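Computed from a predicted structure; not experimentally measured. In what follows, chains carry the letters A, B, and so on, assigned in the order in which the sequence lines appear, proteins first and then strands, with residues in each chain numbered from 1.
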Amino acid sequence: MSSDTAVEYEVAQGRSKSFYPRFERKDELQHQTHYCPGCGHGVVHKMLARAIDELGIQDRTILVGPVGCSVFTYYYFDLGNVQAAHGRAPAVSTALKRSRPESIVISYQGDGDLSAIGAAEILHAANRGENITVIFVNNAIYSMTGGQAAPTTLLGQKSTTTPEGRSALGEGYPLHESELLATLEAPVYIERVGLGDNKQIAQAARAIRRAVENQVRGLGFSLVEVLSPCPTIWKMQPVEAQHWVRDVMEKTFPLGVLRDRTREAQPRPAPATPPALEEIPRLLGLEHGERLVKDERQVLNLAGNGSALKRTGERARAAEVDLEVRIAGFGGQGVLLLGEVLAEAGLESGLEVSWLPSYGPEMRSGTSNCHVRLASQSIDSPLVSAPGILVAMNEPSLRKFDRTVRPGGWVIYNGEEFPADCVRPDVRVVALPFTKIAHELGDARASNMIMLGVLLEIAGVLPDASVAAALRRLVRNPRWVELDERAMAGGRARYREMFAEVHA
Amino acid sequence: MRKQLMKGNEAIVKSAILAGCRAFYGYPITPASEITETAALYMPKCGGVFVQAESEVAAINMLYGASAAGVRAMTASSGPGISLMQEGISYMAGAELPCVIADVMRGGPGLGNINSEQGDYNQVVKGGGHGNYHTLVLAPHSVQEMADLTALAFELADRYRNPVFVLADGFVGQMMEPVEFPEQAVAAPTPHWAVTGTAETRSNVINSLHMGADELETHVLELEKKYRLAEQREARAEDWFTDDAEIVLVGYGIVGRILKAVTAEARAAGIKVGLLRPITLYPFPVERFRRLLPRAKLFVVVEMSNGQLLDDVRLALNGARPVEFLSRMGGNVPSHEDVYRFVRERAHALKTAAGAEEERLAHV
């Protein structure tokens, strides 16, 4: 044939630009794909490539390939390619699209990938209405692994794992993934098409193009399910397999549009412009500037009882302040907040601090406790196993921790009567009905702050201004700030009354 | 910048955003949930993406997508969730995708409990997923380190194109300490290999599939080169009074803090004790152990798990010194009093029996 005669032929359907000129998958046969004769994937690939060409989005498109026969999409499509784990393509696609909203993300999956192992990922991507396009190739079988049953395998259909044919009793019914997804609110477009004859193929091409175009228009989640022949695994001739799609498969999986909201769907708003880099620290609530008090020497009243709370002799490094506090009570008594105000006030005063809570279900019922340390040296362990001060907001908490209080330490106990069997000669006690006192002040819930007032008097190391600043930082409601301040003042006054003689 | 009192779990997120992280995908689990909650609050404000995934399986695969798109991305979980993420972590290591994963450990196995433990060591440090790979693992022992090591984790993840773990425990995640952040936020450049949906990146492929035997072996050997480089360059540890230490305590995370208290007490009592605290668990700071051999007579590993760190210490010492072991589990913590008592007894034994005894392995 001379070169002149070639011009007499018109190429009706040339190679799409979105395909590579040569396919490196096969060393010697680079004009071929790895797909078997009569396989539907090649046809679907062509339709997808053509849609991308027609929409002019080749540079913007990212194709997420699955695990299965179509695992090698990156050998064929001249697009940005991301290969995903089995069933996870919708999760991978979600993140690609969210981080690169200008891109067009296409998730290509088979029926085992999408409807079995990836059932959760497709359901939730669809339910979130991710603005992605999903091509779902359904051949009712696991082909790449050699013909095991899929959720989509037809009743009676034989596979290597349903050798007698799928039975509803044993394996359940074929899963209608598209119908399932069409029950969700968010998807914009779901259609099932087939490759059973030329008419079906033409409709499939239209549907795939629409599903991609919807994303270009920013409308939201689109999915096209393609009933596709697998002659090799079905053990049929290619033509026979194509007929089987049309005559048998389609009876279980009827073709048609299951969801179409492309007319009413509004294009998604463009993502907001990200803030300038300089704005980030402020947006994170990270404050500039210094604490109220910078130089700890100005503020530490070391003449107070704080000195009595220092660990005696066993610490290697001498510490001016080394306050170890355990606070315990019922969940809801403000145990953790008491500790937080104390720690925050310590930090405000230029001390090293740590606060460590019990956490989890205990917060919702039962007991709650936290460890607080304030020290002028860096804090080694934030765990307080032998507190200098124990704040016990109820009797179970007292009994849990009273033996751990170090000799010379204090117990602040919420109760009129201090249990006789908890009395220790080497520990001082402030036992008062703090809940009742708080109730008289205006709200029983302020009992924690009255106890904090007592604690602050005992510790004697934190300036009032630091405590006030800490309280305002942690308690936003002005009414509560006022009440808490009165409560703390009340606690301080009670302590001074009780120990007036000692101080005199 | 002014020091602020905050939880370790909160510090991780703020540090991540300052380090240029703009994608967070997570699933709630105690005691790591505050990380996901904090990310939900701040990530969108700072121009990033936040999605609460349907599972940890989905979350890690979303990280795969975000990282493929060239964005600094992170997730956070605890034991059971990390188990579910192992598939995706293996894929990310195989596809050479950087990401940061925070594991705030709780009690196991199974549902275990929600208390602080260190039982995820093996599944994180040894690579709990399938195949020939490692993850780099950083182990903070304070809220400040939660911030600092998270920022470092993003640097290392990008440098080695590999997932990096911040392996914390429930205590370090839940406790509040003052923390200071850098004044400036960092903008992470888009890596050249990413798939971003542009003409320039169209030929890029993110993939962990290598069908040929030679092809896959070559790939794995390339990964190995990276790991050898990381072993040479990135191993970190803190020495704490180890210069003349005869008994070297070894522990990471919250245990490191307890061991500092023990060291202080022991030193005050005239016992030559020091602490070697691994900060990177992979690469393991092997040289830092060997450096102590001239003076060290005994190593004591303390962990909140069943001897997982112990194995690495033994490998590092290769039989050169006895290694003893002390552990609490289930949410119990080795108190510094318990550890101190153990150390005092061992110090006494060293003087009298000079190490003739068998190694002691104890659950307090």
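Distance OG/B:S203 to OH/A:Y20: 6.5 Å, rounded to 0.5 Å. Separation of atoms CZ (B:F171) and CG (A:L356) is listed at 5.5 Å; rounding is to 0.5 Å. Distance check, rounded to the nearest 0.5 Å: CD of A:E121 to OG of B:S55 gives 5.5 Å. The CE atom of B:M175 sits 7.0 Å away from the OG atom of A:S354 when rounded to the nearest 0.5 Å. The line from CG of B:L209 to CZ of A:F72 is 5.0 Å long, rounded to the nearest 0.5 Å. Atom OG of A:S378 and atom CD of B:Q144 lie 12.5 Å apart (nearest 0.5 Å).
For A:I57, no part sits under 4.5 Å from any heavy atom of chain B, backbone or side chain. Only the side chain of B:E87 comes within contact range of chain A, with heavy atoms under 4.5 Å apart. A:E102 does not touch chain B: none of its heavy atoms, backbone or side chain, sits under 4.5 Å away. Looking at A:H371, neither its backbone nor its side chain comes within 4.5 Å of chain B, counting heavy atoms on both sides. Using a 4.5 Å cut-off between heavy atoms, B:S15 makes no contact with chain A at all. Neither the backbone nor the side chain of B:F24 comes within contact range of chain A; no heavy atoms are under 4.5 Å apart. Within the 4.5 angstrom heavy-atom criterion, atoms from both the backbone and the side chain of A:A85 approach chain B. The contact between A:Q58 and chain B is made by backbone and side chain atoms together, counting heavy-atom distances below 4.5 Å.
Proximity of B:H336 to A:S385: side-chain heavy atoms (C-beta onward) are separated by under 4.5 Å at one or more points. Between A:R25 and B:M211 there is a side-chain heavy-atom pair separated by less than 4.5 Å. The side-chain heavy atoms of B:N207 and A:N81, taken from C-beta on, include no pair separated by under 4.5 Å. Inter-residue side-chain proximity for B:V57 and A:R88 is flagged as met; some heavy-atom pair is nearer than 4.5 Å. Looking only at side-chain heavy atoms (C-beta outward), A:V353 and B:L5 come within less than 4.5 Å of each other. Put simply, the side chain of B:N61 does not reach to within 4.5 Å of the side chain of A:T94, judged on heavy atoms. Taking 4.5 Å as the limit, some side-chain heavy atom of A:L286 sits within range of a side-chain heavy atom of B:M6.
Counting heavy-atom pairs closer than 4.5 Å to chain A, the top residue among B:V13, B:V51, B:L63, B:V262 is B:V51. Among the candidates B:T196, B:V186, B:L41, B:V49, the residue making the largest number of heavy-atom pairs closer than 4.5 Å to chain A is B:T196. Listed options A:I379, A:V372, A:L277 were ranked by heavy-atom pairs under 4.5 angstrom with chain B; first place goes to A:L277. Between chain A and the options B:T38, B:V195, B:V333, heavy-atom pairs under 4.5 Å are most frequent for B:V195. Ranked by heavy-atom pairs under 4.5 Å with chain A, the list B:V71, B:L259, B:T201 is led by B:V71. Chain A forms the most heavy-atom pairs under 4.5 Å with one residue out of B:A58, B:C46, B:G47, and that residue is B:C46. Note on A:V82, A:I104, A:V105: by heavy-atom pairs under 4.5 Å with chain B, the leading option is A:V82. Residue with the most contacts toward chain A among B:A187, B:A59, B:A73: B:A187 (heavy-atom pairs, distance under 4.5 Å).
No more than 12 heavy atoms of other residues, nucleotides or ligands shown are found within 6.0 angstrom of OH on B:Y27. Summarising the local packing, CD of B:E215 is surrounded by more than 12 heavy atoms from other residues, nucleotides or ligands at distances under 6.0 Å.
Of all heavy-atom pairs between B:A66 and A:S99, the closest is CB-OG, 4.3 Å. Closest heavy-atom contact between A:S381 and B:A261: CB-CB, 4.0 Å. Nearest heavy-atom pair, A:H86 versus B:Y91, reported as atom, atom and distance to 0.1 Å: N-OH, 4.1 Å.
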side-chain contact (heavy atoms from CB on, under 4.5 Å), that's the test. Do B:T198 and A:D59 meet it? Break it down for me.
CA-CA 5 Å; B:T198 57; A:D59 287 340; over 6 Å; no
- request: Test A:L383 against B:I254 for side-chain contact (heavy atoms from CB on, under 4.5 Å), laying out the working first.
  value: CA-CA 9 Å; A:L383 290 145; B:I254 192 71; 4.0 Å; yes
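Counting only distance, with no hydrogens or angles, the side chain of B:K14 and the backbone of A:L284 share a donor-acceptor pair below 3.5 Å. Proximity of a side-chain donor or acceptor of B:R202 to a complementary backbone N or O of A:D78 within less than 3.5 Å is detected. With hydrogens and angles disregarded, a donor-acceptor distance shorter than 3.5 Å links the side chain of B:Y64 to the backbone of A:Q83.
Remark: B:E54 engages A:R128 in a salt bridge, criterion side-chain N to carboxylate O under 4.0 Å. Between A:D380 and B:R257 there is no salt bridge, since no side-chain nitrogen of the basic residue lies less than 4.0 Å from a carboxylate oxygen of the acidic one.
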